[in-house]
Each structure stands twice: as structure tokens, then as C-alpha cells.
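As the structure lists them, so they are numbered: ligands from 1, and atoms in each ligand from 1. All values derive from a computational prediction rather than experimental measurement.
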Amino acid sequence: MKKDAKVTPWEVSGKVDYNKVIKEFGVSSIDEKSIKRIENIAGESHFMLRRGIFFAHRDLKWILDEYEKGNKFFLYTGRAPSGKIHLGHLLPWIFTKWLQDKFDVELWFQFPDEEKFLFKENLDFEKIAEYLEQNMLDVIALGFNPKKTHFIIDTKHAGLMYKEACKVAKKINFSMVRASFGMNEQTNIGSIFYTAMQAVPSFLPSVIAKKEIPCLIPHAIDQDPHFRITRDIMPRIGHYKPASIQCLFLPPLTGADGKMSSSEEMAIFTTDNEKEVERKIKKYAFSGGQATIEEHRKKGGNPEIDICFQYLKMLFEPDDKKLAEIEKKYRNGEMLTGELKDITIKKINAFLKEHQKKRELAKKRIREFVYKGLI
Ligand code: TRP
């Protein structure tokens, strides 16, 4: 990693070198063979795998071996309510939905509604409850199967989770969290305990089913330290280590280092209207184009640093041929920044129009998704 780059569950900053992340975190890159195996089972390929947007994993081969033997896994991912949902949040969830459909598996979706209360200065539980409800609408709107999707809300399901969290917490000592998260003597003890809560859904379905079920966690790479600790502990309390699959961060609109974050010039929110999307892209989206049209026609643009191109590649243009066509035209100067921006605005707005409709319908459906079973 570049000296000043940081990837932790609470902070992503600086220019992230993903090859170094792979080495430093100890995850493995996803090889062609695993991609082929997933495609064989799914009956189609997914652009996020083909394009290396999901780029790393732990124990993915084991998950596929077990699946091929007829032993299905469950999926686990989550969201700590702390603000509105933006496009960056949706990226791993869209892939998770595809995995659920193609592998026909259960998904446990955690909403740790105490996490950001513990880690942030000015966020109270009333505000978090509002975000929680809003965030749940976005997850439901993505189309997860209600029969196979279970929302776990930490403060609501505390009775179910706490005993299991204690089993994990008993095996974590302060020096482990200090080493993994950079905590110190001033860190509040709630934050120090928190990893135990995030570990729980990786084995809770096994506890409920009274048999071990493999778990696969799709997540953005910054969450890995939680699951590194989880994986260390699981065999010691009689559970499988969860497998995981990691994605890149969606870059902020401005093209700044780090990931899309919830400030207006950095993010497009799922609730933004057409005009807001257009305004933000036109005003903020960092362009890989040249300063003048003449220069652009002569030298062409640079899609690698162009935010619109990156959004198309990572989220909005799953068709490889169409993407390659845009890339070619932009690179050779045939396509101007304004044209690329227009294409991107249209794509995002088409997506958001549908999403917002489904989000509206989701308001009546929250109860279908919240886990109701008791141990
Ligand atoms: N810590 C995550 C966040 O800040 C939320 C989360 C809980 C999560 N469990 C997870 C994310 C599992 C990915 C996978 O939003």
C-alpha cells in the first residue's frame, strides 16, 4: 500500500493499491478456474467477476467444492445504518443478489444498528432507526427473495445474538483488536466488543439449524479485518470458518482517492432525482478527457481515470461489447467527455427510476424480511 493509504473498516483513504491489499490482508486473488466454476453453476457469467470488480476471496474453492457435493452455503452481508444509501453501497449487494438467484441460497443480511452509534460522535439511536428503515428499503428494492432473505437487526435480535457474541468475544483479547484495527486505551469498550457482533451472522444460521452450514460473505475489502478475526476464532468454538469474496470500492464522483462517501459532491444517492443526478455528474464527475475539444480529438481521453467510464464498467454497462465500443471511441477522441457523461446520466437515471419505484413498494414489505424465528 502507498505509505499514506489506509484501508480499515472505519477509514479508507489515499490511493488504494489492490495488489498490496491482497498481500497485506492475506486474501487470494480470484483465478480463472474459480470464475469458470461459478459460471458453470450459474449458467452465465457476471461482469463483476469477468472485470475483476470482485477480485479477491478466502476459501472460495471450498465453498464451490461443498456446493458441487450438494452442500449449499448461505450468504451473509450487511450494512451499518448511518446515512443514506449511495451507488457505492449497492455494488456488492447487486452481486450478492445474483449469487442468491443463481445458487438458490439463503441470505442473512445484518443491520448492526449499534455499530455507528459506537464509532461515530454525533449519531443517536433515533436517527439510526430512521436510517435503518430507509436502508432496508434499498436492500429490499434490489429484489432479494423474501422467502430466503433474513434481516438481522442487532438491537432487535440482541436476545438471539448476544450469547453467541459472548462466545466470540471470550476468544478476542485486546491485543488482537489493537493489531487489527489500531485501537488503543482510549477506544470505548463498545467498539472493542463490536467485532464479536459482526462475527455472529457468519455462524448463527448453523446454530439455528443445529448443523454446520458453510457461509460465504460478499463484502467490500475494508471489512476483511473483522472476518480475519472471525475466521481465527470459529474453529475454536466449533464452527466452520466463513469464506468471503471481496470487491473494489466504487470511486467518489470527484475522482478523489478512497471510496464513494456520503457527501454531496462525492456520491449519488438512491433517492436522487433525475435533475440531481445530471447536475452532480456534470458538475463533479472527474473527467479523463482533454482540456479542449481540439486536443481531445487529437489525443483522446483516458478511461482509466474517467469516473463516468468507471461507473459504467463497475455498475451500469454489463455488456462487454458496448463497454469496449465506448472505451475505444473515448480513447481515440471520437467520443467527447460531454457525450460520455450523457450516456452515464441516462444509465444511472434509468436504473434509479426502477429502483425508486421498487423502493416505494418496499415500504409495505419490511416485515417480510425481518427474521422472526426464535432459537
Ligand atoms: N460493518 C459494515 C458497515 O459498516 C456492516 C456489516 C455488518 C457488514 N456485517 C457485514 C458488511 C457483513 C459486509 C459483510 O456497513
Side-chain angles (χ1 to χ4, degrees), residues 6-12 25 27 54 56-60 63 73-97 99-100 106-120 123 128 131-132 134-136 138-139 142 144 149-158 160-161 164-165 168 177 180-181 183 190-205 215-231 234 241-250 258-262 267 270 371:
K6 243 193 174 161
V7 180
T8 74
W10 352 109
E11 188 185 351
V12 177
F25 281 25
V27 292
F54 269 82
H57 75 96
R58 293 181 188 270
D59 273 347
L60 181 61
I63 284 287
F73 57 91
F74 68 89
L75 293 160
Y76 160 40
T77 195
R79 153 78 182 164
S82 56
K84 293 190 284 184
I85 297 301
H86 58 58
L87 299 179
H89 298 124
L90 297 185
L91 192 155
W93 303 342
I94 287 170
F95 184 66
T96 303
K97 145 97 173 113
L99 287 175
Q100 177 178 61
E106 306 273 321
L107 164 65
W108 291 75
F109 200 111
Q110 179 181 31
F111 291 93
D113 54 341
E114 83 286 40
E115 177 180 352
K116 295 293 151 69
F117 173 79
L118 294 168
F119 284 92
K120 286 198 172 193
L123 196 55
I128 289 177
Y131 288 136
L132 167 66
Q134 294 297 315
N135 293 181
M136 288 194 289
D138 283 298
V139 175
L142 291 178
F144 291 104
T149 303
H150 315 283
F151 290 178
I152 290 280
I153 302 158
D154 287 15
T155 64
K156 186 180 172 69
H157 294 99
L160 188 61
M161 299 179 75
E164 302 308 324
V168 179
V177 285
S180 301
F181 303 116
M183 287 168 175
S191 302
I192 294 168
F193 182 81
Y194 173 72
T195 290
M197 291 298 281
Q198 187 156 327
V200 169
S202 75
F203 64 96
L204 186 65
C215 169
L216 175 65
I217 312 173
H219 65 85
I221 185 73
D222 58 335
Q223 297 296 311
D224 182 67
H226 287 301
F227 300 123
R228 221 180 306 154
I229 291 183
T230 305
R231 284 169 53 85
M234 284 308 106
K241 292 180 179 192
S244 54
I245 181 163
Q246 287 89 16
C247 64
L248 310 172
F249 304 115
L250 191 73
K259 60 176 178 178
M260 183 175 273
S261 66
S262 298
T270 58
Y371 182 68

Problem - Atoms of ligand 1, numbered as shown, that sit under 4.0 Å from any heavy atom of Thr77 - result: 10 (C), 12 (C), 13 (C), 14 (C)

Practice task
Under 4.0 Å from a heavy atom of Ile217: give me the atoms of ligand 1 that qualify, with their elements.
Solution key: 14 (C)

Practice task
Establish, for the pair Arg228 and Phe25, whether the NZ or CZ atom is under 6.0 angstrom from the six-membered ring centre and no further than 45 degrees off its axis.
Solution key: yes

Exercise for the section: Report yes or no: does Phe227 have a heavy atom closer than 4.0 Å to ligand 1? Expected result: yes

Handout entry: Within-shell test, Pro112 vs ligand 1, heavy atom, strictly < 4.0 Å
Key = yes

Problem - Asp222 bridged to Lys259 by N-O distance under 4.0 Å - result: yes

So is [X] polar-close to ligand 1, meaning N/O to N/O under 3.5 Å?
X      : answer
Glu115 : yes
His219 : no
Arg79  : no
Ala80  : yes

Exercise for the section: Look up atom CG in Leu250 and atom CG in Leu90, then write down how far apart they are to the nearest 0.5 Å. Expected result: 9.5 Å

Pairwise side-chain contact, [X] with [Y], heavy-atom cut-off 4.5 Å (strictly under):
X      : Y      : answer
Met183 : Ser191 : yes
Ile245 : Ile217 : no
Thr149 : Gln100 : yes

Problem - Side-chain donor-acceptor pair present, Tyr76, Gln110, cut-off under 3.5 Å - result: yes

Handout entry: Pair Gln223-Gln198, side-chain donor/acceptor within less than 3.5 Å
Key = yes

Suppose we measure from [atom] to each protein heavy atom; which comes out shortest, and what is that distance?
atom                    : value
atom 7 (C) of ligand 1  : Gln110 OE1, 3.2 Å
atom 2 (C) of ligand 1  : Gln223 OE1, 3.4 Å
atom 11 (C) of ligand 1 : Gly78 O, 3.4 Å

Practice task
With heavy atoms only and a cut-off of under 4.0 Å, state how Lys116 meets ligand 1: side chain, backbone, both or neither.
Solution key: side chain

